[in-house]
Amino acid sequence: MSLTDATHRVTTYRGNAAFISDVHLGTRSCRAEALLAFLKRLDTKTLYLVGDIIDLERMSQSVHWQRTHSAVVRELFQLAATGTHVVYIPGNHDAPFRALAGRRVNGIDIHLNTVHETAHGERLLVTHGDQFDSELRIGNIKEKIGSVAYKLLMDLDVNVNRLRARLGYRQLNLARSVKGRIKSVTRYINDYEELATKYASQRGLDGVICGHIHKPCIRTCGRLRYFNTGDWVEHGTALVEDDHGQIRLVNIETGSRREAVIATAA
């Protein structure tokens, strides 16, 4: 069963806001078809693009741009043109777009970071998250695994899963499996989550929504909330806030939703 088949069985994602990041359009490992299916089922007031949407860094070396990649871009412009407030926060792989911060391009507002206020009134920092790497001792995930090895793993994922799809088998994720077995990567992720929430706390906010590390997550760090959108390379996940202020992690592979209720202040 393909990702698209799984996606067609889920209902429309409606709510106050949605958050996606780490799409990496322009690369072989981008799950553009699954993302396009998600976007076509999205009915939200605000859509946050939390960085690494177009992988300009990888495209400077080689380009893998398919029709589905163009279709995703068109769908984002269409959402902006039909009433969805689309906010783009560039990441490290699309960093050149940071020069456009403070401007609106084709109906999409571009910011270095922003604060999202939930339906409950909680204030959450929205940022890609690559700025935290410099404060972590062990470097980022790609550096720990090795950028060349990581790229080989992702390319292997693509080739293996194309074959599995032809044979009617579900997708595997070799890169995700390897990362989960490297202790220093696990330690990096934990440190990253704590640093991100500390950064939000120092700014008087209630939590943080970020991407960057390709690890979808909803957790509580002390009194603060930490949300990670995940990615559209290894996982296929997004965060969706409903009209009551509840934020859920949506997994496009299974159609499942994990809920994280942000309690209303007494």
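For the single chain, residues carry numbers from 1 onward in sequence order.
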Quiz item: So do the side chains of L224 and K198 get within less than 4.5 Å of each other, counting heavy atoms only?
Solution: no
Quiz prompt | Closest approach of L249 to C217 (non-hydrogen atoms, all atoms of both residues) | solution = CD2-N, 4.1 Å
Practice problem: Take T114 and I89, measure what side-chain contact (heavy atoms from CB on, under 4.5 Å) needs, and give me the verdict at the end. | Solution: CA-CA 8 Å; T114 191; I89 299 169; 3.8 Å; yes
Practice problem: Could you tell me whether the side chain of T12 and the main chain of R14 form a donor-acceptor pair under 3.5 Å? | Solution: no
Quiz item: Taking it one step at a time, do H93 and H24 satisfy ring-ring contact (aromatic ring centres under 6.0 Å, His included)?
Solution: CA-CA 8 Å; H93 281 256; H24 295 279; 5.0 Å; yes
Self-check item: Side-chain donor-acceptor pair present, T127, Q131, cut-off under 3.5 Å
Solution: yes
Practice problem: Taking R31 for its side chain and H235 for its backbone only, find out whether a donor-acceptor pair lies under 3.5 Å. | Solution: yes
Quiz item: Any link between Y88 and V105 through a network of hydrophobic side chains (Ile, Leu, Val, Met, Phe, Trp, Tyr) touching at under 4.5 Å?
Solution: yes
Self-check item: Check: A119 main-chain N/O paired with E241 side-chain donor or acceptor under 3.5 Å
Solution: yes
Quiz item: Quick one: is the NZ or CZ of R203 closer than 6.0 Å to the six-membered ring centre of Y199, and within 45° of its axis?
Solution: yes
Quiz item: With side chains defined as the heavy atoms from C-beta onward, is the minimum distance between K40 and E75 less than 4.5 Å?
Solution: yes
Quiz item: Is a side-chain donor-acceptor pair under 3.5 Å present for H116 with E122?
Solution: no
Quiz item: Any side-chain heavy atom of I110 within less than 4.5 Å of one from P90?
Solution: yes
Quiz item: Taking atom NE2 of H85 and atom CG of L79, what is their separation to the nearest 0.5 Å?
Solution: 13.0 Å
Quiz item: Strictly under 6.0 Å, is that where the ring centroids of F227 and F19 end up?
Solution: no
Quiz item: Counting only N and O atoms by type, is there a donor-acceptor contact under 3.5 Å from the side chain of H69 to the main-chain atoms of G26?
Solution: yes
Practice problem: Consider only side-chain heavy atoms of I, L, V, M, F, W and Y, link residues closer than 4.5 Å, and tell whether V87 and L112 are in one cluster. | Solution: no
Quiz item: Going from CG on D22 to NE2 on H214, what distance comes out if it is rounded to the nearest 0.5 angstrom?
Solution: 3.5 Å
Quiz item: Checking side-chain contact (heavy atoms from CB on, under 4.5 Å) for the pair L47/L49: CA distance, chi angles, key distance, verdict?
Solution: CA-CA 7 Å; L47 172 62; L49 309 175; 3.9 Å; yes
Quiz item: What closest approach, in Å, do Y192 and H128 show between heavy atoms, and which atom pair accounts for it?
Solution: OH-O, 3.6 Å
Quiz item: With no hydrogens and no angle check, is any side-chain donor or acceptor of T229 less than 3.5 Å from a backbone partner on I20?
Solution: no
Quiz item: Taking the side chain as C-beta and beyond, is there a heavy-atom pair between I213 and Y188 under 4.5 Å?
Solution: yes
Practice problem: Considering non-hydrogen atoms only, spot the tightest contact between G211 and S21 and give its length. | Solution: CA-OG, 3.5 Å
Exercise. Identify the two heavy atoms, one from C210 and one from Y226, that lie closest to each other, and give their separation to 0.1 Å.
Key: SG-CE1, 3.6 Å
Exercise. Examine distances only and state if a side-chain atom of T44 and a backbone atom of T46 form a donor-acceptor pair shorter than 3.5 Å.
Key: yes
Practice problem: For T82 and Q78, indicate whether the former's side chain and the latter's backbone hold a donor-acceptor pair under 3.5 Å. | Solution: yes
Exercise. May I ask you to test the V126-N113 pair for a side-chain heavy-atom distance under 4.5 Å?
Key: no
Quiz item: Any salt bridge between R98 and D130, counting N to O under 4.0 Å?
Solution: yes
Practice problem: Compute whether any side-chain donor of one residue and acceptor of the other, for H212 and D52, lie under 3.5 angstrom apart. | Solution: no
Quiz prompt | Distance (rounded to the nearest 0.5 Å) between T237 OG1 and L35 CG | solution = 10.5 Å
Quiz item: Does a side-chain heavy-atom distance below 4.5 Å link V86 with D109?
Solution: no
Quiz item: If you measure from the Lys or Arg side-chain nitrogens to the Asp or Glu carboxylate oxygens, is any gap between R123 and D206 under 4.0 Å?
Solution: no
Quiz prompt | N16 side, atom CG; I247 side, atom CD1 - distance, nearest 0.5 Å | solution = 9.0 Å
Quiz prompt | Test item: D94 side-chain N/O and F97 main-chain N/O as donor-acceptor pair under 3.5 Å | solution = no
Quiz item: Which distance, rounded to the nearest 0.5 Å, do you find between the SG of C30 and the CG of D55?
Solution: 9.5 Å
Quiz prompt | Distance in Å, T84 OG1 paired with F77 CZ, rounded so as to fall on 0.5 Å steps | solution = 14.0 Å
Exercise. Give the minimum heavy-atom separation between V23 and V233, together with the two atoms involved.
Key: O-CG2, 3.9 Å
Quiz item: What are the two closest heavy atoms between R248 and I218, and how far apart are they?
Solution: C-CD1, 4.1 Å
Quiz prompt | Test item: L76 and L39 side chains (from C-beta on) under 4.5 Å apart, heavy atoms | solution = yes
Exercise. Tell me yes or no: between the side chains of D242 and Y13, is some donor less than 3.5 Å from an acceptor?
Key: no
Quiz item: Side chains of W232 and I252: does their closest heavy-atom pair fall under 4.5 Å?
Solution: yes
